[in-house]
Colleague: 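Sending over a structure as C-alpha cells; questions will come in a sec.
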Protein chains: 2
Amino acid sequence: MSERDSERSVSQTVRAQLALRDMILSGQLRPGERISELQAVDITHVSRTPVRLALVRLEDEGLLQAIPSGGFMVKAFSERDILDSIELRGTLEGLAARFAAERGASARNLEPLKECLADLDQLVRQDPVSEEAFSAYVTLNARFHALLTELSGSAPLIRQIDRVSALPFASPSGFVMAQSALPEAHQILLIAQDHHRIVVDAIENREGTRAEAVMREHSRLAARNLRLALRNRTHLDLLPALALLKSAAD
Amino acid sequence: MSERDSERSVSQTVRAQLALRDMILSGQLRPGERISELQAVDITHVSRTPVRLALVRLEDEGLLQAIPSGGFMVKAFSERDILDSIELRGTLEGLAARFAAERGASARNLEPLKECLADLDQLVRQDPVSEEAFSAYVTLNARFHALLTELSGSAPLIRQIDRVSALPFASPSGFVMAQSALPEAHQILLIAQDHHRIVVDAIENREGTRAEAVMREHSRLAARNLRLALRNRTHLDLLPALALLKSAAD
DNA sequence: TGAACTCATTATGTATACATATATCTCGAT
DNA sequence: ATCGAGATATATGTATACATAATGAGTTCA
C-alpha cells in the first residue's frame with residue numbers, strides 16, 4: 001500500500017526514469033539500441049515532456065548516450081570501461097578518506113562509521129555466510145561507504161563519488177552479490193572487512209596517505225570479483241549491471 | 001556573421017543554457033537566488049520547455065542547485081568548495097597521467113602533447129610576459145590538459161574530468177588570468193611549465209606514480225593562485241568564476 | 001548493379017494550455 | 001500584536017499540438 005502511495009506521490013518524471021532505468025539494467029533495452037521518445041512514452045505511459053526529462057537525467061547518470069543528431073541510445077561499456085570506473089571510484093574514495101584523516105574527523109562523526117564496522121564484523125564472523133547475511137552485508141557495506149564519503153566533509157567530492165557510484169557496476173556493492181557464488185567468497189569478505197577496519201583506524205590516527213592507499217586497494221576487490229565472475233561464467237544472472245557490457249559477439 | 005549563423009542554427013535549449021550560464025558567471029544572478037522558469041523565459045526569450053531543459057543541464061553542470069520543493073537556485077560555493085574542486089581535478093588528472101604512463105602511450109599519441117609543450121615553452125621564455133602571451137598561454141594550457149586527459153585512453157575518466165572542469169574555478173585555466181596580475185606571475189608560469197615537462201617525461205618513461213604525483217601537485221598551483229588573488233584583492237574582476245563565491249558578508 | 005534522389009515516415013524541437021502544488025498576503029480572531 | 005486560516009497569486013508539473021529536421025524506402029537514372 002505504501003508502495004502505491006509513493007507511486008502516486010512521485011512525479012511522472014521520476015516514474016519514467018525508474019521504469020526506463022529498470023529496463024536498461026535488466027537488459028530489455030540493449031546497449032547501442034536507440035530509444036525514441038515515443039517508444040519511451042509507450043513503455044512508461046507518461047507523456048513526452050517528463051519522458052524527455054527522464055532521458056536527460058539518465059544521460060548524465062551515464063546509462064544513456066546522446067546521439068549527435070538528437071535522441072538517445074543505451075550506452076555500451078567495455079570490460080575496460082568497467083574496470084576503469086572501479087579504479088576511478090577507488091581513487092575518489094581514497095581522496096575522501098584522506099580528507100577525513102587530514103582534516104581530523106571528530107570522534108562524534110566517527111561514531112556511526114565505527115558502529116557500522118562493528119555490525120559488519122558480526123556478519124563476517126559466520127563461516128559459511130548465509131544468503132541473507134550476504135544481502136545484509138550489501139546493505140551495510142553501502143552504508144559504510146556512504147558514511148566514509150560523508151566524512152570527507154567535502155560537498156564537491158561527495159557529489160562526484162555519488163555520480164560515479166550511480167553506475168551499478170562502479171558502485172561499492174556492485175559485485176558483492178556475484179561474489180557470494182564464488183568459492184573464494186568468505187576469504188574476500190574477510191579481506192574487505194580488514195580494509196574497512198584499517199581505513200577507520202588510519203582516519204582516527206590522521207594517517208591520510210595510509211587511508212587513501214587502503215581505499216584505493218579496497219576498490220580493486222571489486223575488480224577482482226568482476227574478473228572471477230566473468231571467468232566462471234556461472235551466476236552472471238546475479239549481475240544485472242552486466243547487461244550494459246558490450247558483448248564480444250557484437 | 002558566422003556568429004549570427006551559429007546563433008540561428010543552435011537549438012533554443014542551448015541558447016538558453018548559454019545565456020543563463022553567462023548571467024550566473026557574470027554575477028547578474030547571485031548565489032542563493034531562486035531562478036524561476038518564467039523569469040528564465042523572460043531573460044532568454046525562449047519558451048518554458050527548452051528553458052527547463054537548460055536549467056536541468058545547468059544543474060548537472062553544477063551551477064544550479066535543485067530546490068526540494070521544485071525549481072532551481074544559483075549554487076553558492078565556499079572558498080573550501082573551490083579548493084576541494086581543484087584538488088579533485090588534480091587527483092583525476094593525476095589518475096589520467098598514471099593511466100597514460102602505465103598503459104604505455106604510444107610515441108604517435110605523445111606527439112601532439114610534445115608539440116603543445118614546445119609551444120608553451122616559447123611563450124614562457126619571454127621575461128615580462130605580455131598580456132597577449134598570457135592569453136595564448138591560457139589556450140595552450142587548456143589544450144595541454146585536454147590532450148593529457150585524452151591520453152589516459154579511459155572514457156569514464158575523461159567524462160569525469162570534463163564534468164569537474166566544467167566548473168570555471170576548477171578548470172585548468174581558471175586562475176591563470178588572475179595570476180597575470182600578480183608579481184609572482186612569471187615565476188609561477190615557469191614552475192607550471194616545469195610540471196608539464198616532467199609529466200610528459202614520466203609518461204614517456206612509464207613512471208606512473210611520478211606522473212600522478214606531479215599532476216596532483218600541478219593542480220595546487222591553481223589553489224595558490226586563488227589564495228594570492230583573494231589576498232591582494234585587486235584584479236578579482238579577472239575572475240568571473242568568483243561570482244559564485246559565498247560572500248562572508250551574507 | 002549501384003548510386004543518388006524523392007518522398008513518406010518518424011524522429012526530435014518548441015510553444016502553449018491546463019493541472020496542481022507551493023508560497024504569500026490579507027484578514028480576522030484571540 | 002501575534003498567530004492562524006483562507007484566498008490569491010505564482011510556481012512547477014504535465015499533456016499535447018504543431019513545426020522542423022532526420023531517416024529510410026522505393027524508384028529512377030547512370
Side-chain angles (χ1 to χ4, degrees), chain A residues 2-21 23-24 28-61 63-76, chain B residues 2-21 23-24 28-61 63-76:
Chain A
S2 75
E3 191 173 339
R4 293 196 56 162
D5 282 350
S6 69
E7 261 182 34
R8 200 167 295 134
S9 69
V10 140
S11 74
Q12 301 288 71
T13 301
V14 171
R15 214 180 319 226
Q17 192 177 350
L18 293 175
L20 292 171
R21 187 196 287 145
M23 290 195 66
I24 294 168
Q28 294 174 264
L29 297 169
R30 318 190 42 164
E33 189 177 339
R34 182 171 191 159
I35 180 171
S36 83
E37 290 181 9
L38 276 88
Q39 183 188 354
V41 165
D42 283 346
I43 291 172
T44 62
H45 304 106
V46 306
S47 77
R48 275 186 62 211
T49 307
V51 151
R52 173 167 258 258
L53 281 172
L55 291 173
V56 168
R57 292 238 147 87
L58 288 170
E59 182 200 4
D60 48 73
E61 205 171 296
L63 260 37
L64 295 180
Q65 188 169 17
I67 298 172
S69 64
F72 300 93
M73 55 183 259
V74 179
K75 200 156 168 180
Chain B
S2 74
E3 190 171 338
R4 293 197 56 160
D5 283 351
S6 70
E7 261 183 36
R8 199 167 295 133
S9 69
V10 141
S11 73
Q12 301 288 73
T13 301
V14 171
R15 211 179 321 220
Q17 193 177 349
L18 292 175
L20 292 172
R21 186 196 287 145
M23 291 193 66
I24 293 168
Q28 294 175 263
L29 297 169
R30 317 189 46 162
E33 189 176 342
R34 180 171 194 159
I35 178 170
S36 83
E37 290 181 8
L38 275 86
Q39 182 187 357
V41 165
D42 283 345
I43 292 171
T44 62
H45 304 107
V46 305
S47 76
R48 276 186 61 209
T49 308
V51 151
R52 173 166 258 256
L53 281 172
L55 291 173
V56 169
R57 292 236 146 89
L58 288 170
E59 182 200 2
D60 49 72
E61 207 172 293
L63 260 38
L64 295 181
Q65 190 168 16
I67 298 172
S69 65
F72 300 94
M73 54 184 259
V74 179
K75 201 158 170 177

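Naming: A, B, ... by sequence-line order, numbering from 1 per chain.
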Colleague: Return the nearest nucleotide to the side chain of A:Glu37; candidates are C:dT12, C:dT16, C:dT14.
Modeller: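 The answer is C:dT12.
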
Colleague: Could you pick out which residue, B:Arg34 or A:Ile67, lies toward the 5' side of DNA chain D when each is mapped onto its nearest nucleotide?
Modeller: B:Arg34

Colleague: Between B:Thr44 and B:Leu20, is there a side-chain heavy-atom distance shorter than 4.5 Å?
Modeller: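 Yes, at least one pair of side-chain atoms sits under 4.5 Å.
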
Colleague: Take the protein atom CG of B:Asp42 and the nucleotide atom P of D:dT10, then report the distance between them rounded to whole Å.
Modeller: 13 Å

Colleague: Expressed in angstrom and rounded to an integer, what is the separation of B:Arg48 atom CZ from D:dT16 atom P?
Modeller: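 Nearest whole value for this atom pair: 16 Å.
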
Colleague: Tell me the interatomic distance from A:Leu53, atom CG, to D:dA15, atom C1', rounded to whole angstroms.
Modeller: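 Going from A:Leu53 (CG) to D:dA15 (C1'), I get 13 Å.
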
Colleague: Please state whether the phosphate of C:dA23, meaning OP1 or OP2, lies under 4.0 angstrom from any side-chain nitrogen or oxygen of B:Ser69.
Modeller: yes

Colleague: Where the side chain of A:Val46 is defined as all heavy atoms beyond and including C-beta, which of C:dT14, D:dA15, C:dT16 is the nearest nucleotide?
Modeller: D:dA15

Colleague: CZ of B:Arg15 versus C1' of C:dA15: gap in Å, rounded?
Modeller: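 That distance rounds to 14 Å.
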
Colleague: So B:Ser36, base contact, sugar-phosphate only, or nothing? Heavy-atom distance under 4.0 Å.
Modeller: sugar-phosphate

Colleague: Heavy atoms from C-beta onward define the side chain here; which of D:dT12, C:dA15, D:dT14 lies closest to that of A:Ser47?
Modeller: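 Of D:dT12, C:dA15, D:dT14, D:dT14 is nearest to the side chain of A:Ser47.
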
Colleague: Without swapping roles, check the side chain of B:Arg15 against the backbone of B:Val10 for a donor-acceptor pair under 3.5 Å.
Modeller: yes

Colleague: Return the value, rounded to whole Å, for the distance between atom CG of A:Leu38 and atom P of C:dT9.
Modeller: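 In whole Å, C:dT9 P lies 16 Å from A:Leu38 CG.
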
Colleague: OP1 or OP2 of C:dT14 less than 4.0 angstrom from a side-chain nitrogen or oxygen of B:Thr49, does that happen here?
Modeller: no

Colleague: Output, in order, the C-alpha distance, side-chain angles, deciding distance and verdict of salt bridge (charged side-chain N to carboxylate O under 4.0 Å, His left out) for B:Arg57 and A:Glu59.
Modeller: CA-CA 11 Å; B:Arg57 292 236 146 89; A:Glu59 182 200 4; 3.4 Å; yes

Colleague: Tell me whether A:Glu61 contacts the main-chain N or O of A:Leu58 through its side chain, where contact means a donor paired with an acceptor under 3.5 Å.
Modeller: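 Here the side-chain-to-backbone pair does not exist.
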
